[in-house]
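Report on one structure; see the data block that follows.
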Amino acid sequence: MKVRSITLHRVGMPLVRPFETSFGRESARDVLLVHLETDTGDGWGECVAGSTPGYSSEYVDGCAHVIEHHLAPRLFAADDVVASELGHLFSGVVGHRMAKAALEAAVLDAELRASGVSFARYLGAVRSEVDCGVSVGISTSIDELLDEVQGYVDAGYLRIKLKIKPGWDLEPVRRVRELIGADAALQVDANTAYVRGDIPHLKQLDASNLLLIEQPFDEEDIASHIALAGAIETPVCLDESLVSVGVTIDAIERGATSVVNIKPGRVGGYLPAVAIHDACVERGVPVWCGGMLETGIGRSMNVALAALPGFTLPGDTSASDRYYREDLTEPFVLSNGRLAVPTGPGSGVTVRTDLVRELALMPPRVVTR
Ligand code: NPQ
Ligand code: MG
């Protein structure tokens, strides 16, 4: 395959309600889309970076710059672009995994559409639908939180994840547990908001019988996660820290993480994500698919990934209407707490280019050789 042009779109997606985490509050998703034109057809990819470097060091403007100036030239220079060889093609660029992942998704989409193969089949999916959870932001009051959670329970979500931070943890978690009952699946995500001295405090979460606690400490602080895992009954699950298959294996072997959150954007793409899945399966570590407020483009590919055999826990693969009134593709709709895995070629969804144009935050940027 030869890449002819790469068009970068910036879209402002209004959220149905503001989403607050320990690192900030967003009322719209500023999303970067990659549209690839090749000699065998088109492909689309979505970049998971946020508008500011709050979740990771990457952010939208930085990703757009790296794609245009450092990754695109490598694609244009290649005689034959193949998704499985992008790791090598991009190896001269250190890090910038979210930028690499967005291009990888677009290359995969183009390649698979041209060969008539779905993401699910290509990645090794074994299910036709996936169990879905939902991530619930930090609220302004416990009553508001309980209302929101009840809405998701009514919608059929099979697992609830609460965002926590110092000052918003034990009490909201206890009240949600009370609301949804002892047997409902409940977990928490701190997005690095705590420090090692908080371990005695976090240990009190054991009383709420959680599935897991996600990334309480700094992304580079594996040691504190090991200390927490030794002190708490609740399983520890890393997110931000796990940027590669090597780091993931190391964190597992050192006892820092007994469950793994896999986000393709965070690890450089769907192929590195599958490698992490395989390493976890080999070690008996359960995995689940994270979410980054994707539009239907990224969501379709995440749902395909979540259909692999090692994804034994519900993911943050929520329905389109959890975040958006109008999605950039046909909407993903929950049925009995599950989403159907797309079966068409490539991502299997159709991008609503009219909506991409309508919601554009700036003119598209066309990059050619
Ligand atoms: C997580 N996602 O698991 C992330 C955090 C997150 C669904 O909880 C813009 C860019 C907004 C990145 C919101 C969920 C974001 C973002 C949340 C990441 O940690
Ligand atoms: Mg997380």
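The residues of the chain are indexed from 1 along the displayed sequence. All ligand and atom numbering here is 1-based and tracks the order in the structure. All values below come from the heavy atoms of this structure, side chains included, with hydrogens, waters and symmetry mates left out.
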Tell me the protein heavy atom at minimum distance from atom 11 (C) of ligand 1, and give that distance in Å. Leu293 CD2, 3.9 Å

Ignoring hydrogens and geometry beyond distance, is a side-chain donor-acceptor pair present between Tyr157 and Asp131 at under 3.5 Å? no

Nearest non-hydrogen protein atom, atom 4 (C) of ligand 1: Lys263 NZ, 3.3 Å

Counting the benzene-type ring for Trp, do Trp44 and His9 have ring centres under 6.0 Å apart? yes

Sidechain N-carboxylate O distance under 4.0 Å for Arg196, Asp218: no

Please report whether ligand 1 has a polar contact with Glu26, defined as an N or O pair separated by less than 3.5 Å (distance criterion only). no

Does Asp239 reach ligand 1 with a nitrogen or oxygen that is under 3.5 Å from one of the ligand's nitrogen or oxygen atoms? yes

With heavy atoms of Glu214 as the reference, note each atom of ligand 1 found under 4.0 Å away. 3 (O)

In plain terms, say whether Asp169 and Lys165 are close enough for a salt bridge, that is, a side-chain N and a carboxylate O under 4.0 Å apart. no

Output the list of atoms in ligand 1 that are nearer than 4.0 Å to some heavy atom of Gly50, sorted by atom number. 10 (C)

Note the single closest protein heavy atom to atom 17 (C) of ligand 1, along with its residue, its atom name and the distance in Å. Phe19 CE2, 3.4 Å

Under a 4.5 Å cut-off applied to non-hydrogen side-chain atoms, are Leu32 and Val48 in contact? no

Does an N or O from Asp189, backbone or side chain, lie closer than 3.5 Å to an N or O of ligand 1? yes

So for ligand 1, is Gly291 a polar contact partner (N or O within less than 3.5 Å, distance only)? yes

Could you tell me whether Thr21 and ligand 1 have an N or O pair separated by under 3.5 Å? no

Hey, is Arg17 close enough to Glu148 for a salt bridge, meaning N to O under 4.0 Å? yes

Side chain, backbone, both or neither: Lys163 near ligand 1, heavy atoms under 4.0 Å: side chain

In terms of residue, atom name and distance, what is the protein heavy atom nearest to atom 12 (C) of ligand 1? Met292 CE, 3.4 Å

Would you call Lys100-Glu104 a salt bridge at under 4.0 Å N-O? no

Minimum-distance protein heavy atom relative to atom 6 (C) of ligand 1: Phe23 CZ, 3.7 Å

Can you find an N/O atom of Tyr55 closer than 3.5 Å to an N/O atom of ligand 1? no

Which atoms form the tightest heavy-atom contact between Gly137 and Leu145, and what is the distance? O-CD1, 4.1 Å

Are any of the side-chain nitrogens in Lys203 or Asp206 under 4.0 Å away from the carboxylate oxygens of its partner? yes

Between Asp30 and Arg10, is the salt bridge (charged side-chain N to carboxylate O under 4.0 Å, His left out) condition met? List the steps. CA-CA 7 Å; Asp30 176 358; Arg10 281 283 285 278; 3.0 Å; yes

So which protein N/O/S atoms does the Mg ion (ligand 2) have within less than 2.8 Å? Asp189 OD2, Glu214 OE2, Asp239 OD2

Should Glu326 and Arg352 count as an ion pair when the cut-off is N to O under 4.0 Å? yes

Under a 4.0 Å threshold between the charged nitrogen and the carboxylate oxygen, would Lys161 count as salt-bridged to Asp316? yes

For atom 19 (O) of ligand 1, which protein heavy atom lies nearest, and how many Å away is it? Asn191 ND2, 2.8 Å

Side chains of Ile164 and Leu205 in contact at under 4.5 Å (non-hydrogen atoms): yes

Taking atom types as modelled and ignoring hydrogens, do the side chains of Ser241 and Gln215 form a donor-acceptor contact shorter than 3.5 angstrom? yes

Those atoms of ligand 1 less than 4.0 Å from some heavy atom in Ser135: 7 (C), 8 (O), 14 (C)

Thr295 and Glu46: side chain donor to acceptor below 3.5 Å: yes

Heavy-atom contacts under 4.0 Å between Tyr59 and ligand 1: side chain, backbone, both, or neither? neither

Using a strict cut-off of 4.0 Å, indicate which atoms of ligand 1 neighbour a heavy atom of Tyr323. 7 (C)

